[in-house]
Protein chains: 2
Amino acid sequence: MSRMAAKDRRQELIAAAFRVMVRDGVVKTTTRAVVNEAKMPLGIFHYCFNSREELLQEVITRITDSGVAKARNVFEGEGDLGARIARSLYAFWEGVELSPGEHQVGYELTHYALRQEGFEDLARRQYEHYLEVHEQLLAEAAESAGIKWTVPLPVLARYLNAVLDGVTLCWLADRNSENTREVLSLTGEHLMSLAAKDA
Amino acid sequence: MSRMAAKDRRQELIAAAFRVMVRDGVVKTTTRAVVNEAKMPLGIFHYCFNSREELLQEVITRITDSGVAKARNVFEGEGDLGARIARSLYAFWEGVELSPGEHQVGYELTHYALRQEGFEDLARRQYEHYLEVHEQLLAEAAESAGIKWTVPLPVLARYLNAVLDGVTLCWLADRNSENTREVLSLTGEHLMSLAAKDA
DNA sequence: CGGCGTCTTGGACGATCGACCAACTGTGAT
DNA sequence: ATCACAGTTGGTCGATCGTCCAAGACGCCG
């Protein structure tokens with residue numbers, strides 16, 4: 001194996017671990033499966049990571065940040081509030097249908113963190129981030145459209161987050177795309193009904 | 001160990017497995033942990049079950065049915081549509097806060113089933129049941145209140161299921177009860193706005 | 001050139017897991 | 001009492017896991 005800095009190898013292992021998770025699930029993401037995916041000898045692993053938990057922790061934070069980055073592009077663009085909302089929900093859903101495994105892994109990691117002693121904070125921070133981003137995007141959309149939300153922003157963000165998580169989870173099980181899109185459309189209309197002209 | 005029919009022992013092991021899951025999570029629900037919880041020798045296990053998977057399968061179906069049975073009581077009672085909806089959502093949420101672990105296990109089992117070869121159907125049927133029950137309850141509520149839903153029932157049921165799953169998942173991570181209740185209240189008002197007087 | 005720190009490697013260890021089995025015990029029917 | 005069958009038991013097997021280590025290889029600096 002060609003020589004490589006431990007830092008770089010860490011990144012490659014994190015990426016390999018994520019691929020294994022998407023393919024086989026978090027539980028089956030063993031140290032051996034990861035180094036095998038990265039085509040590295042087993043001994044490398046504990047030279048780059050103190051433990052398997054440390055690797056999973058890194059994957060969780062990476063997932064969280066990348067999820068946030070993706071969402072950030074979602075509310076971009078022109079149009080009135082209705083068009084922006086509809087486009088955002090559509091973009092989110094396109095992301096789910098395009099790579100369901102990644103979202104599935106996200107949930108698996110959340111439940112893993114909730115069970116792991118001392119990792120509960122990681123799950124908490126994960127959703128803290130999501131809610132914060134949703135809050136920010138809803139605020140920007142309101143400002144850009146010259147409206148005010150008639151519901152407290154933290155509640156609205158949690159509502160939006162809940163619907164997105166909920167439809168994704170249900171779709172992962174039954175793959176009913178048609179009804180899911182209608183639920184998102186319904187949610188979009190509901191959001192618009194919660195906007196009032198700014199004073 | 002006192003003599004007992006294999007059938008009865010099966011039930012006790014299923015119950016013990018569920019307790020272990022709630023306490024330690026699905027992943028740590030090993031055959032040894034289960035028989036230890038049930039205070040039985042290890043050898044009993046494979047006399048009552050062909051495999052660990054068979055036990056988990058039984059727990060999943062039990063969870064699904066009990067969840068359905070619980071939901072069935074939720075829409076009972078008197079009052080107009082608004083009161084009934086509010087009471088139902090409150091009852092659901094009371095159930096979550098009262099025993100969060102059971103709901104957490106439900107999600108863990110769903111993800112377990114989605115990953116297990118040949119168990120995908122179990123997850124699909126699980127959500128099929130949930131949607132069917134929500135659909136039925138929404139239909140009964142409409143009939144009893146003399147209204148019609150302005151949204152197709154399957155879509156409305158999926159929407160309701162999504163919100164409930166979503167807020168539960170988020171709450172399991174951040175335990176913000178106050179905002180969660182407001183989201184449910186918001187959802188209740190939304191549902192009412194989707195009701196029209198029957199012709 | 002020589003040494004030193006970084007990286008590489010294959011193998012090994014103890015723990016834990018699902019699964020299995022042979023021997024034993026109790027019970028009810030004959 | 002005897003026999004057949006259902007239930008019980010403790011031990012053990014092979015596989016897989018996370019982790020660790022000693023020895024070697026590489027590359028940079030003096």
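Here the structure is a predicted model, which is why all the values come from computation and not from measurement. Each chain gets a letter, A, B and so on, in the order its sequence line appears, and its residues count up from 1.
Checking D/dT8, D/dC20, C/dT8 against every side-chain atom of A/His46, the shortest atom distance belongs to D/dC20.
No side-chain donor from either of A/Asn161 and A/Tyr127 sits under 3.5 Å from a side-chain acceptor of the other. Judged purely by distance below 3.5 Å, without hydrogens or angles, the side chains of A/Tyr107 and A/Asp165 pair a donor atom with an acceptor atom. For B/Thr61 and B/Arg125, the side-chain atoms include no donor-acceptor pair closer than 3.5 Å. Residues B/Ser177 and B/Trp171 have side chains that bring a donor and an acceptor to within less than 3.5 angstrom of each other. In this model, no donor atom of one side chain and acceptor atom of the other lie less than 3.5 Å apart for A/Gln57 and A/Arg62. A donor-acceptor contact closer than 3.5 angstrom is absent between the side chains of B/Thr30 and B/Arg52.
C/dG10 atom P lies 17 Å from atom OH of A/Tyr47, rounded to whole Å. Following rounding to the nearest Å, A/Leu42 (CG) and D/dC17 (P) show an atom-to-atom distance of 10 Å. Taking atom CG of residue A/Asp24 and atom C1' of nucleotide D/dT16, one finds them 15 Å apart after rounding to whole Å. To the nearest angstrom, P of D/dG18 lies 12 Å from CD of A/Gln116. D/dT9 atom C1' lies 16 Å from atom CG of B/Asn36, rounded to whole Å. Computed from coordinates, the A/Met4 CE to C/dT6 P distance equals 18 Å when rounded to whole Å. Rounding to whole angstrom units, CD1 of residue A/Ile44 and P of C/dG11 are separated by 16 Å. To the nearest angstrom, C1' of D/dG10 lies 17 Å from CE of B/Met40.
The base of D/dG18 sits within donor-acceptor range of the side chain of A/Arg32, with an N or O pair under 3.5 Å.
For C/dT8, the OP1/OP2 oxygens have a side-chain nitrogen or oxygen of A/Arg9 closer than 4.0 Å. Distances shown here put every side-chain N or O of B/Ser51 at or beyond 4.0 Å from the OP1 or OP2 atom of C/dG18.
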Under 3.5 Å between N/O atoms: give me all the protein pairs with nucleotides 21-30 of chain D, atom names plus distance.
residue, atom, partner, partner atom, Å
D/dC26, O2, A/Arg3, NH2, 3.2

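Checked against B/Asp174 for a side chain to side chain donor-acceptor pair (under 3.5 Å), the options A/Arg124, A/Gln126, A/Arg158 give a single hit: A/Arg158.
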